[in-house]
Amino acid sequence: MASQVNSPTSPSNTLPTRSATNSTDADEAVPDEDSSETTKLFHERLQAWKHACAYIEDYVKATEKMHEHNSKEYEKVLKTVNSPLKEGHHFQQQNGGVAGMFENIRSNTQGLANSHTETAKTLKGSVLPTFERLTREIKNKTKELEKGAGKGSKAVQKARNESQKQIELLGSTTGSYDSRGGQLKATEDPYILQRRVYHHLNKQVTEENSNRDDMIAVQNNFQQFETHVLQTMQSGLQQFTQVLGNQAESTRSMYGDMSANAHRIPPNFEWEGFIKNNSTVMIDPHGPKRSVEHISFANQDHSSTKPLIAGSLERRSGMLKQYNTSYYVVTPSRYMHEFKSDDDFSKDPAPETSLFLPDCMIGAVEGVNFNIKGKDASKGALSKVSMSHEFKFKAHTPDDARKWHEVIANISGGTSNSVPSSPGTGNSGSPTAYSPQQTTGSTNSMSPTQTHSTGSTAAEPQYMGGEKGPAGPYDSGSQRDNGAPPL
């Protein structure tokens, strides 16, 4: 083999030297760079994807828990309408009414609870495993990177360290070459050291290129892997959205069914059924109204309720000594009552005055006038201590005056021959003294039984001319029909 002589200036004679540590020159013998930097970058990126996937995974888990909770909450909602309706018999029990509406609400609410349970199961059984598998793939990819590219980076670093060692040994030998006068051991010959540097550099470059090819392969594979990760996330989220969309549609449909069922109830459905079921209790709007005239009651026709005589009389009263018309009744109980009118309906018929005729005396009739002396018994206990008064009456006709006098005289405590004083004398309702000699004792000794059996006057009630007082309801004649008392 021909010997090769290299000039000191030839490129092949130039010894490799270490450049500055911050150099990025591709021809630098031992680059001052971390061969695992790219590997660490990829490792960090895988962690980023793993965390992104974990976020979505946690989101799906939280949503699944929420639907489980919603299912339980709908069970609570169902309990609010699960009990039978109170007074439910008022509603129609067949479908199409309020009772059917609540049955529909119960059914749909139970369906809502079940749908949330199914949604939670679907999320846990179908959607969540997609992201769990993706997380495991990312973890496996991280392990693959550490075992593959990570091991290659370590080999590169080891080769660079060995090359650097040989270069430094060559440098120290050549530095002392002149001072030592060429007296070197065979193993320290710079020529041999240089060849060793080339040998180790070749191994280093081989490792670097191999690692470079591996990293390029990792880069290309990372692009495909990231595409797979992203597409898997998209697919999982699409499935997630579809499940929740079905849940939302189911919820909307069930609530819509509740509303539609309620709107299908005819407005009069419940009322007509209620009227039909309670026809015996409800009031017939077409039936006649009640009338007092057609009402009967116990003791309605008892003899004690029939007046002996009734009608309107004028009585002198007041400071002006004027005659005022009122309605008067003589009853079988031997009272003579004064009323404002014979109207039983507009107000309670409480008498204005009441004379207990057995305790009274009646004077003689003169024309249409006659007097009665006695106490007003309508004042209760005060009547016993009150003084007697003379009550001056005026009938409508002399004939009416005689009829009133006859009835009253038969049951009064006594009669007198005194005649009413002229309008200019006497005081109406003022204490008056009768002479005992003017009193006849024949009527005074008559018992109430004799009074009712004496003559036709006591047997039948009489209603005298003008017997109807002001605003009286009975205007069918001068006398009440059949002697019926006012109702």
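All residue numbers in this chain count up from 1 along the given sequence.
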So, for Tyr328 and Phe339, is the gap between ring centers shorter than 6.0 Å?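 Between Tyr328 and Phe339, the centre distance exceeds or equals 6.0 Å.
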Check for me whether the distance between the ring centres of Phe274 and Phe91 falls short of 6.0 Å.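 Judged by ring-centre distance (under 6.0 Å), Phe274 and Phe91 do not meet the cut-off.
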Output, in order, the C-alpha distance, side-chain angles, deciding distance and verdict of side-chain contact (heavy atoms from CB on, under 4.5 Å) for Val98 and Gln92. CA-CA 7 Å; Val98 171; Gln92 301 303 300; over 6 Å; no
On a heavy-atom basis, which atom in [X] and which in [Y] lie closest, and how many Å separate them?
X: Ala310; Y: Val329; result: CB-CG2, 3.9 Å
X: Asp343; Y: Ser346; result: OD2-OG, 2.6 Å
X: Cys360; Y: Gly374; result: SG-CA, 3.7 Å

Short side-chain to backbone donor-acceptor contact, [X] and [Y], under 3.5 Å:
X: Ser253; Y: Glu249; result: no
X: Ser83; Y: Lys79; result: no
X: Gln93; Y: Gly88; result: yes
X: Thr206; Y: Asn202; result: yes
X: Arg196; Y: Gln166; result: no
X: Ser279; Y: Ile275; result: no
X: Ser259; Y: Gly256; result: no
X: Ser235; Y: Gln231; result: no
X: Ser126; Y: Leu123; result: no
X: Asp348; Y: Ala350; result: no

Does any part of the side chain of [Y], heavy atoms only, come nearer than 4.5 Å to the side chain of [X], both counted from C-beta?
X: Phe240; Y: Thr63; answer: yes
X: Leu313; Y: Thr325; answer: no
X: Asn277; Y: His89; answer: no
X: His69; Y: Tyr74; answer: no
X: Met254; Y: Ser250; answer: yes
X: Arg160; Y: Ser163; answer: no
X: Trp404; Y: Met336; answer: yes
X: Asp376; Y: His389; answer: no

Intermediate values then yes/no, ring-ring contact (aromatic ring centres under 6.0 Å, His included), Phe393 and Tyr323: CA-CA 8 Å; Phe393 296 97; Tyr323 279 93; 9.2 Å; no
Output, in order, the C-alpha distance, side-chain angles, deciding distance and verdict of salt bridge (charged side-chain N to carboxylate O under 4.0 Å, His left out) for Glu162 and Lys203. CA-CA 10 Å; Glu162 188 64 31; Lys203 289 180 64 176; over 6 Å; no
Would you say that more than 12 heavy atoms from the other residues, nucleotides or ligands in this model lie under 6.0 Å from the CD of Gln47, or not? yes
Could you go through the side-chain contact (heavy atoms from CB on, under 4.5 Å) check for Arg315 and Ser326 one step at a time? CA-CA 8 Å; Arg315 182 167 74 87; Ser326 296; over 6 Å; no
Tell me the side chain to side chain donor-acceptor pair (under 3.5 Å) pairs involving residues 108-123, sequence neighbours left out?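 Those involving residues 108-123 are His67-His116, Ser71-Thr117, Glu75-Gln110, Asn104-Asn108, Asn108-Asp257, Gln110-Asn114, Ser115-Gln247, His116-Gln247, Thr119-Gln247.
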side-chain contact (heavy atoms from CB on, under 4.5 Å) between Phe345 and Val292: does it pass, once the steps are laid out? CA-CA 10 Å; Phe345 305 145; Val292 176; 4.1 Å; yes
Salt bridge check, Glu168 against Lys165: does any charged N sit closer than 4.0 Å to a carboxylate O? no
Set out, in order, the CA-CA distance, both residues' side-chain angles and the distance that settles salt bridge (charged side-chain N to carboxylate O under 4.0 Å, His left out) for Lys61 and Glu57, then state yes or no. CA-CA 6 Å; Lys61 286 180 180 179; Glu57 188 176 335; 3.7 Å; yes
Euclidean distance, Glu137 CD relative to Leu134 CG, rounded to 0.5 Å: 5.5 Å
Tyr335 and Phe356 aromatic ring geometry - parallel, tilted or perpendicular at 30°/60° bounds: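 If you compare the ring of Phe356 with that of Tyr335, the planes turn out tilted.
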Start with the C-alpha gap between Asn324 and Glu314, add the side-chain angles, then the distance that decides, and say whether side-chain contact (heavy atoms from CB on, under 4.5 Å) holds. CA-CA 5 Å; Asn324 297 312; Glu314 296 180 29; over 6 Å; no
